[in-house]
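Worksheet: one structure, shown below.
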Amino acid sequence: MPNFDLSDFKGVIPALITPFDESERFDETRMRSCIDFLIERGVGGLYTTGSTGETFLMSPDERARVVEIVVDQVAGRVPVVAHIGAIGTHLSIDLAQRAQSAGVDAVSSVPPFYWPFTPDQVFNYYADLTAATDLPMVVYKIPLAGELGFDLVKRLASIPGVGGIKYTAATQFEIIRIKEEIGADFRVYSGSDEMAMSGLSYGADGIIGSFYNMIPEVFIALNEAVEKGDMIRAKSLQETGNAIIFFSLNHTPTAVIKRAMAWQGADAGYCRRPFDNFITEAQEEELKSAFRKLKQDRSLKDAAFLEMI
Ligand code: MN9
């Protein structure tokens, strides 16, 4: 039985990284310590095995095992949502059922990708997947996996069990439209970290993203500022976040995130190839000094890791 309802899944939610060791093996010890670090920082939940979790670089058995370890380590402290998306319906159903057995609170999936599936095929994919477990489903709009137009989002929302959307897009006005036309109870998670402030101020229930592994405190403060209506403070926090995000996007962002977590005492290991890593001491030192320069040039104040390097 899940510990939480989807309505408990809110606030700042890391799209959890998956630590791999120097030989690219899943590193359970590192995973457990990263989870404790994030919960101690005050995140509202965890979203496992998504893009940031390098899910498409793992076998189905590995994905299922990561989900098991996460649920075990979280031990009911915060809600856990597992991304179980794959191109094939059967494979996704299998992952969803294994995630349910592991004890997650909800599942989520990108639409089937690579081939341009028709809206009906995407609809059927989500209908089959949602029927295969008792868990709520969070559908996922992300241009990398193909377009999910507003009409299709509305149709998907009518499937019993579909409870929300992870909304990663370059525009955000649809967040207001979703709340107006689908309903206030349909959960919306803003997925572009660069636009967390606008997502939240447009009515998103939470933000799910990569950089909440690395600088959760910046976005937790931003979320609180938006809740209080302090838009000046929220904007300043978004600017700090964006300076760090845009710098990181010029490298391999997940590799940067993993090293910056390590500097804070939560060693998140390395990425799987073909991603690359900051693996030597010299590479890591170069990354640190670039961040020190960014901190100074932009007078960045609110990011914990910048105070530690
Ligand atoms: O939605 C993430 N998107 C991808 C989740 O992984 C494609 C975001 O958190 C981005 O990594 C972030 C940086 O562009 O907004």
Side-chain angles (χ1 to χ4, degrees), residues 9-19 34-35 37-39 41-56 70 78-83 85 106 108-110 138-145 148 164-172 174-175 187-226 234-235 237-261 264 266 268 271 275 302-305:
F9 192 61
K10 57 188 180 196
V12 179
I13 300 154
L16 189 63
I17 44 81
T18 305
C34 290
I35 289 168
F37 162 81
L38 292 168
I39 295 177
R41 284 280 174 95
V43 302
L46 294 171
Y47 185 95
T48 74
T49 47
S51 335
T52 311
E54 295 169 71
T55 211
F56 301 116
V70 173
V78 295
V80 176
V81 175
H83 171 268
S108 177
S109 175
V110 292
V138 177
V139 302
Y140 191 169
K141 178 180 167 97
I142 180 163
L144 279 176
L148 266 197
I165 185 168
K166 179 174 185 310
Y167 189 93
T168 303
T171 56
Q172 294 206 300
E174 271 184 7
I175 292 179
R187 321 307 293 178
V188 180
Y189 302 99
S190 179
S192 294
D193 310 5
E194 303 85 331
M195 297 190 284
M197 176 189 178
S198 71
L200 289 165
S201 54
Y202 274 28
D205 301 282
I207 50 179
I208 301 176
S210 320
F211 285 88
Y212 315 142
N213 291 281
M214 172 179 174
I215 42 173
E217 68 288 349
V218 172
F219 288 92
I220 289 170
L222 184 153
N223 187 34
E224 283 166 8
V226 173
K235 179 156 175 282
L237 288 157
Q238 184 74 68
E239 284 163 354
T240 297
N242 286 7
I244 294 164
I245 292 169
F246 290 126
F247 170 85
S248 306
L249 290 178
N250 287 327
H251 301 273
T252 297
T254 313
V256 175
I257 290 168
K258 287 178 171 182
R259 287 302 84 210
M261 292 177 77
Q264 300 173 72
C271 297
F275 287 127
D302 298 294
F305 82 97

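Sequential numbering from 1 along the given sequence is applied to the chain's residues.
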Matching residue for [X] among [options] - test: side-chain contact (heavy atoms from CB on, under 4.5 Å):
X: Ile17; options: Thr254, Thr48, Leu38; value: Thr254
X: Leu16; options: Val43, Leu46, Thr49; value: Leu46
X: Met214; options: Pro253, Pro14, Ser248; value: Ser248

What distance separates Ile245 CD1 from Glu239 CD, expressed to the nearest 0.5 Å?
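Spacing of CD1 (Ile245) from CD (Glu239) equals 12.0 Å.
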So CD1 of Ile215 and CE of Met261: to nearest 0.5 Å the spacing works out to 12.0 Å
For the residue pair Tyr140 and Lys166, confirm or rule out a side-chain donor-acceptor distance under 3.5 Å.
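A pair is found: one side chain offers a donor N or O, the other an acceptor, under 3.5 Å apart.
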Centroid-centroid under 6.0 Å between Phe9 and Tyr47 rings
no
Donor-acceptor contact below 3.5 Å, side chain [X] vs main chain [Y]:
X: Glu224; Y: Phe219; result: no
X: Gln238; Y: Ala196; result: yes
X: Lys258; Y: Thr18; result: yes

Under 3.5 Å donor-acceptor pairs involving side-chain atoms of residues 197-211, not counting sequence neighbours:
residue, atom, partner, partner atom, Å
Ser198, OG, Gln172, OE1, 2.2
Ser198, OG, Met195, O, 3.2
Ser201, OG, Met197, O, 2.8
Ser201, OG, Ser198, O, 3.2
Asp205, OD1, Lys179, NZ, 3.4
Asp205, OD1, Arg187, NH2, 3.3
Asp205, OD2, Lys179, NZ, 2.7
Asp205, OD2, Val188, N, 2.8
Ser210, OG, Thr52, OG1, 2.9

Over all atoms of both residues, closest heavy-atom pair of Val226 and Ala234
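Residues Val226 and Ala234, closest heavy atoms: CG2-CB, 3.8 Å.
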Just wondering, do His83 and Val110 contact through their side chains at under 4.5 Å, heavy atoms?
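Contact flag for Val110/His83 side chains = yes.
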Would you mind reporting whether His251 and Arg259 have side-chain heavy atoms less than 4.5 Å apart?
no
